[in-house]
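Structure, as structure tokens:
Residue numbers start from 1 in every chain, and the chains themselves are labelled A, B, ... in the order their sequence lines are given, proteins ahead of strands. Given the structure is predicted, the values throughout are model-derived calculations rather than measurements.
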There are 2 protein chains.
Amino acid sequence: MAAQRGEGDGVVTSPEAPADVRERARAIPEAAVARLAVYLRVLSGMVEQGVTTISSEELAGAAGVNSAKLRKDLSYIGSYGTRGVGYDVEVLVSHIERILGLTRKHSVAVVGIGNLGHALANYGGFPSRGFPVAALFDIDPDLTGVPVGGIPVNHIDDITSVCAEREVSIGVIATPPQAAQAVCDRLVSAGVQCILNFAPVVLQVPDYVEVRKVDLAVEMQILSFHVARRADEAAGDVVNGIGVDGVVIRP
Amino acid sequence: MAAQRGEGDGVVTSPEAPADVRERARAIPEAAVARLAVYLRVLSGMVEQGVTTISSEELAGAAGVNSAKLRKDLSYIGSYGTRGVGYDVEVLVSHIERILGLTRKHSVAVVGIGNLGHALANYGGFPSRGFPVAALFDIDPDLTGVPVGGIPVNHIDDITSVCAEREVSIGVIATPPQAAQAVCDRLVSAGVQCILNFAPVVLQVPDYVEVRKVDLAVEMQILSFHVARRADEAAGDVVNGIGVDGVVIRP
DNA sequence: ATATGTGAAAGCGTTCACAGCA
DNA sequence: TGCTGTGAACGCTTTCACATAT
């Protein structure tokens, strides 16, 4: 069992393999993949505004990164810009969509229909971006059959059959922490290889399963750290003889 | 305006400053901070189970990292273990809490009381971890005064006064994307320096404001990328002359 | 004997700066 | 001239491996 990230997958590739899309996809850094998704969103907005061409500088500004990083990220997926001009927005959109695997539909199952599960089931951002919510599960028998966001809730015991039948490829865990590992195990045995985990638990999964986690408490605590750091810095600068306004108090 | 991360904060510190907590806090890598929050959660569970001592190996396993990384992370906050024995759980908990600034209360304001806002307002994980939800805001006048999760919703126009009065230090944006930047600007002018953004928008903020984002569509697309990569690899291995089971098909 | 704490090495990701092309 | 694409330099993060302490 590997925790949270498959480290080294042992797939054999021939040494003289051409640097084609397959090999290239493998080489894209995880951080760049996350940013490609952001570029794609910004570019989609551009298409709606009727923008046809964009420079790395402009796109980078809109995506909140610097232009060197943007160009490097785009270079991982190929060279689709025109020197001296910029990028064709639609061309870029279609290449990023291809690399991110968005030409294919990814059915989603949400497990745990509490506050968060409700919100996720009703969230319009998923279906509109090629991630239809195909199944909902909860352990509460009273919820079974009740439609949420237009989809009837199934009992958690039916995960295996329902996920197989509806070709679910992404499982979303929105259960209480105590239930998360058991739910995860069921999803994995149902053949789900990608999991988005909202429960504050470190899931143990086989190497071939990809887990991403969204942990609100952790996000809050990182923000808290920065609040504290700032307060300490302000105090520390005075202690070190320099006030926050740069005036030397103790030279 | 800097986007999403203050790069270089220009604070002057004297060169002979002692390597005390203040200086150390500044030196902790961002990645380590996120993991410290995870260690804290695992350790809190240990306390409840009555565990008093734990080794780096055990804690690392429970947190889903390797023990070298765990020890390095803990070394950033000081040396609180006992060689040949391990760490005192309670001692570690209190030191991590101090570093993360959790000895201080951080009031939270949630803006945008839709599906997600409701879920966040009702989410028990915040108050129980020192992040009381102190204010809720929405633009819909019909919602004003309606209590959600025990807190009455205020109108978005009152952000400045209410946030100041209730000493809000963290703002959570759960609005539609179109409204996010305007809400962010209001939070910032209300003195909020930390923002957790659920809206799929790149927020523009001054350097001194810390933004963290949770973007569900991006998470989904990263998972989609891995689905695609796996499919390509499986196909690619055959194309390259080697089947998935290692058998050479085209030597 | 056993497990921490940490320099040093290795690995990744970001930034620089400029060659190359329209 | 202007902007992309990218090798090289840089800095951050992880891993290694062992000195150090109980």
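Dashed line: the shortest gap from a side-chain N or O of A:Tyr87 to OP1 or OP2 of D:dG5 is under 4.0 Å. For C:dT14, the OP1/OP2 oxygens have a side-chain nitrogen or oxygen of A:Arg35 closer than 4.0 Å. A close approach under 4.0 Å does not occur between any side-chain nitrogen or oxygen of B:Lys72 and OP1 or OP2 of D:dT14. One finds no side-chain N or O of B:Asn66 lying less than 4.0 angstrom from the OP1 or OP2 phosphate oxygen of D:dT14.
At whole-Å resolution of the value, OH in B:Tyr80 and P in D:dT22 are 16 Å apart. B:Lys69 has its NZ atom 14 Å from the C1' atom of D:dC16, to the nearest Å. Between B:Tyr76 atom OH and C:dG7 atom C1' the separation is 12 Å, expressed in whole Å. Taking atom CD1 on A:Ile28 and atom C1' on C:dC12, their separation rounds to 15 Å, with Å as the unit. Here D:dC3 presents its C1' atom at 14 Å from CG of A:Leu59, a figure rounded to the nearest Å. Atom CG in A:Leu70 sits about 14 Å away from atom C1' in C:dT15, given to the nearest Å. Look at CD on B:Glu30: it is 12 Å from C1' on D:dC12, rounded to the nearest Å. Rounded to an integer number of Å, the gap from CD of A:Glu57 to C1' of C:dC16 is 14 Å.
Residues A:Arg71 and B:Thr82 both approach DNA chain C. Their nearest nucleotides, taken by heavy-atom distance, put B:Thr82 toward the 5′ side.
Between its opening and closing five pairs, the helix from C:dA1-D:dT22 to C:dA22-D:dT1 changes axis direction by 0°, a value rounded to 10 degrees.
With rounding to the nearest 0.5 Å, the separation of CG in B:Leu92 from CG in B:Leu43 is 5.0 Å. The CD atom of B:Glu97 sits 9.5 Å away from the CZ atom of B:Arg129 when rounded to the nearest 0.5 Å.
Side-chain proximity of A:Ser79 to D:dT4, C:dT4, D:dT6: nearest is D:dT6.
Residues forming a salt bridge (Lys or Arg N to Asp or Glu O under 4.0 Å) with A:Arg186 (at least two apart in sequence, or on another chain): A:Asp157.
Looking at B:Tyr87 and B:Ser55, their side chains never come closer than 4.5 Å, going by heavy atoms from C-beta outward. Contact check for B:Lys213 versus B:Val201: no side-chain heavy atoms found under the 4.5 Å cut-off.
You won't find any donor-acceptor pair under 3.5 Å spanning the side chain of B:Arg83 and the base of D:dT22, going by distance alone.
B:Tyr80 and B:Asp88 share no donor-acceptor pair across their side chains, judged by distance under 3.5 Å alone.
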Apply the test side-chain contact (heavy atoms from CB on, under 4.5 Å) to residues B:Arg212 and B:Ile195: give CA-CA distance (whole Å), side-chain angles for both, the deciding distance (0.1 Å), then the verdict. CA-CA 6 Å; B:Arg212 295 200 55 91; B:Ile195 289 174; over 6 Å; no
